[in-house]
Amino acid sequence: MRQIILDTETTGLEWRKGNRVVEIGCVELLERRPTGRTYHQYINPQREFEQGAAEVTGLSLEFLSDKPLFAAIADEFLAFIDGAELVIHNAAFDVGFLDYELSRLGEHYGRLADRVTVEDSLLLARQRYPGQRNSLDALCKRLGVDNTHRQLHGALLDAQLLCDVYLNLTAGQREIGFGGAEDTAPGSAATVVHRFDSANTGARPRVSPTVDELAAHEARLATLRKKAGGRCLWDPPAFEAV
């Protein structure tokens with residue numbers, strides 16, 4: 001599955017008042033793993049910022065005056081996200097602005113929904129942490145994502161932070177430890193891998209867990225279920241549970 005973690009910065013809070021997108025940042029995931037591919041673009045909005053918006057981003061119309069217009073980067077941006085699932089924090093805000101920008105280019109550009117699906121990480125956070133603050137900064141603190149370098153809002157930086165937040169928010173399995181390099185060195189006590197080939201005709205060894213190991217395993221699964229919202233990858237399918 002291909003996902004794009006996306007964030008935008010804008011000249012104000014409401015596209016219906018003519019506010020524009022000034023920055024887009026994207027991080028690509030493939031099967032929930034960062035690929036290293038990103039998309040980042042500053043955009044000339046051809047209008048001034050609303051009061052407060054420039055302070056949040058640290059951007060100015062002077063800085064953006066030599067940056068390309070949205071029309072010049074639209075095709076490249078759409079090619080990057082095409083066919084993916086977008087993960088956006090407070091998706092209605094960003095989607096509204098991007099659909100507005102596309103509408104200014106002509107009907108043939110359509111809407112984001114014609115090209116992608118959207119997952120709103122804010123709604124996921126509210127489901128998991130009802131009644132709590134679920135801003136990106138609050139989630140970073142709650143989930144142990146380091147955001148100490150975030151002094152201002154920036155689209156690519158916020159997309160990178162949201163990537164870590166989203167992976168933690170949706171998969172407690174990321175915390176599983178399988179041991180460090182010292183545990184897997186040849187000849188170490190923890191090395192339990194045996195190689196078999198077609199010439200090996202003997203019976204393959206069967207290792208059964210002890211009662212204590214089973215108890216520890218179940219305790220670990222209980223922790224993962226709590227973090228993952230009820231189930232984890234090691235649970236049997238629902239129809240097998242009795």
Side-chain angles (χ1 to χ4, degrees), residues 1-47 49-50 53 56-57 59 64 67-128 134-136 139 153-171 229:
M1 181 180 184
R2 182 170 177 264
Q3 295 172 297
I4 301 293
I5 314 296
L6 180 146
D7 186 71
T8 65
E9 300 299 338
T10 63
T11 61
L13 297 177
E14 180 55 71
W15 61 264
R16 293 178 181 85
K17 294 181 179 179
N19 283 300
R20 305 290 301 278
V21 174
V22 298
E23 186 183 6
I24 301 174
C26 300
V27 175
E28 182 184 61
L29 299 179
L30 192 60
E31 303 301 336
R32 294 180 55 82
R33 294 179 181 273
T35 65
R37 292 185 68 215
T38 62
Y39 177 85
H40 180 235
Q41 183 63 62
Y42 290 112
I43 300 162
N44 183 353
Q46 295 185 303
R47 62 153 289 159
F49 285 78
E50 288 188 350
V56 169
T57 63
L59 299 176
L64 298 168
K67 303 302 186 287
L69 304 181
F70 185 87
I73 62 94
D75 291 337
E76 180 184 31
F77 166 62
L78 293 174
F80 186 85
I81 67 171
D82 194 41
E85 177 184 71
L86 302 186
V87 178
I88 309 173
H89 207 62
N90 191 16
F93 178 88
D94 301 81
V95 171
F97 267 95
L98 291 170
D99 278 346
Y100 172 61
E101 295 286 356
L102 292 174
S103 73
R104 292 171 56 92
L105 303 182
E107 293 183 1
H108 62 287
Y109 273 93
R111 300 165 62 86
L112 284 186
D114 301 327
R115 303 169 182 270
V116 299
T117 57
V118 178
E119 178 83 272
D120 191 337
S121 54
L122 178 59
L123 297 183
L124 292 176
R126 286 172 174 170
Q127 291 170 6
R128 183 166 176 183
N134 287 301
S135 66
L136 182 58
L139 290 171
H153 288 224
L156 184 58
L157 172 60
D158 287 2
Q160 291 167 334
L161 291 173
L162 179 58
C163 181
D164 288 340
V165 164
Y166 174 74
L167 292 174
N168 277 280
L169 187 65
T170 57

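No donor-acceptor pair closer than 3.5 Å links the side chain of Asn134 to the backbone N or O of Leu122.
Shown here are the side-chain contact (heavy atoms from CB on, under 4.5 Å) partners of Ala53, two or more places apart in sequence or in another chain: Phe49. Not counting sequence neighbours, Gln46 has no partner by the side-chain hydrogen bond (donor to acceptor under 3.5 Å, both in side chains) test. Partners of Ser103 under the side-chain contact (heavy atoms from CB on, under 4.5 Å) rule, at least two apart in sequence or in another chain, are Tyr100. For Phe80, the ring pair (Phe, Tyr, Trp, His ring centres under 6.0 Å) partners two or more places apart in sequence, or in a different chain, are Tyr39. The side-chain contact (heavy atoms from CB on, under 4.5 Å) search around Arg111 returns Asp99, Asp114, not counting sequence neighbours.
Note: Arg126 CZ to Leu124 CG = 11.0 Å, rounded to the nearest 0.5 Å. For the atom pair CG (Leu157) and CG (Leu162), the distance works out to 11.0 Å, reported to the nearest 0.5 Å. How far CG of Leu102 is from CD of Glu107: 12.5 Å, rounded to the nearest 0.5 Å. The CG atom of Leu167 lies 11.0 Å from the OG atom of Ser121; values are rounded to the nearest 0.5 Å. With rounding to the nearest 0.5 angstrom, the OG1 atom of Thr117 is 4.5 Å from the CD atom of Glu85. Put simply, CG on Leu59 and NZ on Lys67 are 9.0 Å apart, with the number rounded to the nearest 0.5 Å.
Arg115 places a side-chain heavy atom less than 4.5 Å from the side chain of Leu78. The closest side-chain heavy-atom distance from Arg32 to Met1 is not below 4.5 Å.
For Leu13, the CG atom is loosely surrounded, since the number of other residues' heavy atoms within 6.0 Å does not exceed 12.
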Got a list of side-chain donor-acceptor pairs under 3.5 Å for residues 18-28, not counting sequence neighbours?
{"unit_1": "Asn19", "atom_1": "OD1", "unit_2": "Thr11", "atom_2": "OG1", "d": "2.8"}
{"unit_1": "Asn19", "atom_1": "OD1", "unit_2": "Gly12", "atom_2": "N", "d": "3.4"}
{"unit_1": "Asn19", "atom_1": "OD1", "unit_2": "Arg47", "atom_2": "NH2", "d": "3.3"}
{"unit_1": "Asn19", "atom_1": "ND2", "unit_2": "Glu14", "atom_2": "O", "d": "3.0"}
{"unit_1": "Asn19", "atom_1": "ND2", "unit_2": "Glu50", "atom_2": "OE2", "d": "2.9"}
{"unit_1": "Arg20", "atom_1": "NE", "unit_2": "Glu101", "atom_2": "OE1", "d": "3.2"}
{"unit_1": "Arg20", "atom_1": "NE", "unit_2": "Glu101", "atom_2": "OE2", "d": "2.9"}
{"unit_1": "Arg20", "atom_1": "NH1", "unit_2": "Pro45", "atom_2": "O", "d": "3.4"}
{"unit_1": "Arg20", "atom_1": "NH2", "unit_2": "Glu101", "atom_2": "OE1", "d": "2.9"}
{"unit_1": "Glu23", "atom_1": "OE1", "unit_2": "Ala155", "atom_2": "N", "d": "3.4"}
{"unit_1": "Glu23", "atom_1": "OE2", "unit_2": "His40", "atom_2": "NE2", "d": "2.7"}
{"unit_1": "Glu23", "atom_1": "OE2", "unit_2": "Ala155", "atom_2": "N", "d": "3.3"}
{"unit_1": "Glu28", "atom_1": "OE1", "unit_2": "Thr35", "atom_2": "OG1", "d": "2.6"}
{"unit_1": "Glu28", "atom_1": "OE2", "unit_2": "Arg2", "atom_2": "NE", "d": "2.6"}
{"unit_1": "Glu28", "atom_1": "OE2", "unit_2": "Arg2", "atom_2": "NH2", "d": "3.2"}
{"unit_1": "Glu28", "atom_1": "OE2", "unit_2": "Arg37", "atom_2": "NH1", "d": "3.0"}

Acceptor/donor pairs from residues 91-98 side chains to any protein atom, 3.5 angstrom cut, sequence neighbours excluded:
{"unit_1": "Asp94", "atom_1": "OD2", "unit_2": "Thr8", "atom_2": "N", "d": "3.1"}
{"unit_1": "Asp94", "atom_1": "OD2", "unit_2": "Thr8", "atom_2": "OG1", "d": "2.6"}

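For residues 74-83, the set of pairs meeting the salt bridge (charged side-chain N to carboxylate O under 4.0 Å, His left out) definition, not counting sequence neighbours, is empty.
Applying the side-chain contact (heavy atoms from CB on, under 4.5 Å) test between His89 and each of Asp158, Leu139, Val165 identifies Leu139 as the sole match.
Smallest separation of non-hydrogen atoms from Leu105 and Ala74: CD1-CB, 3.6 Å. Across all their heavy atoms, Leu29 and Cys163 have their closest contact at CD2-SG, 3.5 Å.
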Check the pair Arg128, Leu169 against side-chain contact (heavy atoms from CB on, under 4.5 Å), reporting the backbone distance first and the verdict last. CA-CA 8 Å; Arg128 183 166 176 183; Leu169 187 65; 3.8 Å; yes
Does Ile5 form a side-chain contact (heavy atoms from CB on, under 4.5 Å) with Ile88? I'd like the steps, not just the answer. CA-CA 6 Å; Ile5 314 296; Ile88 309 173; over 6 Å; no
Is there a side-chain contact (heavy atoms from CB on, under 4.5 Å) between Ile43 and Leu69 once you walk through the steps? CA-CA 6 Å; Ile43 300 162; Leu69 304 181; 5.6 Å; no
Intermediate values then yes/no, side-chain contact (heavy atoms from CB on, under 4.5 Å), Val87 and Ile4: CA-CA 6 Å; Val87 178; Ile4 301 293; over 6 Å; no
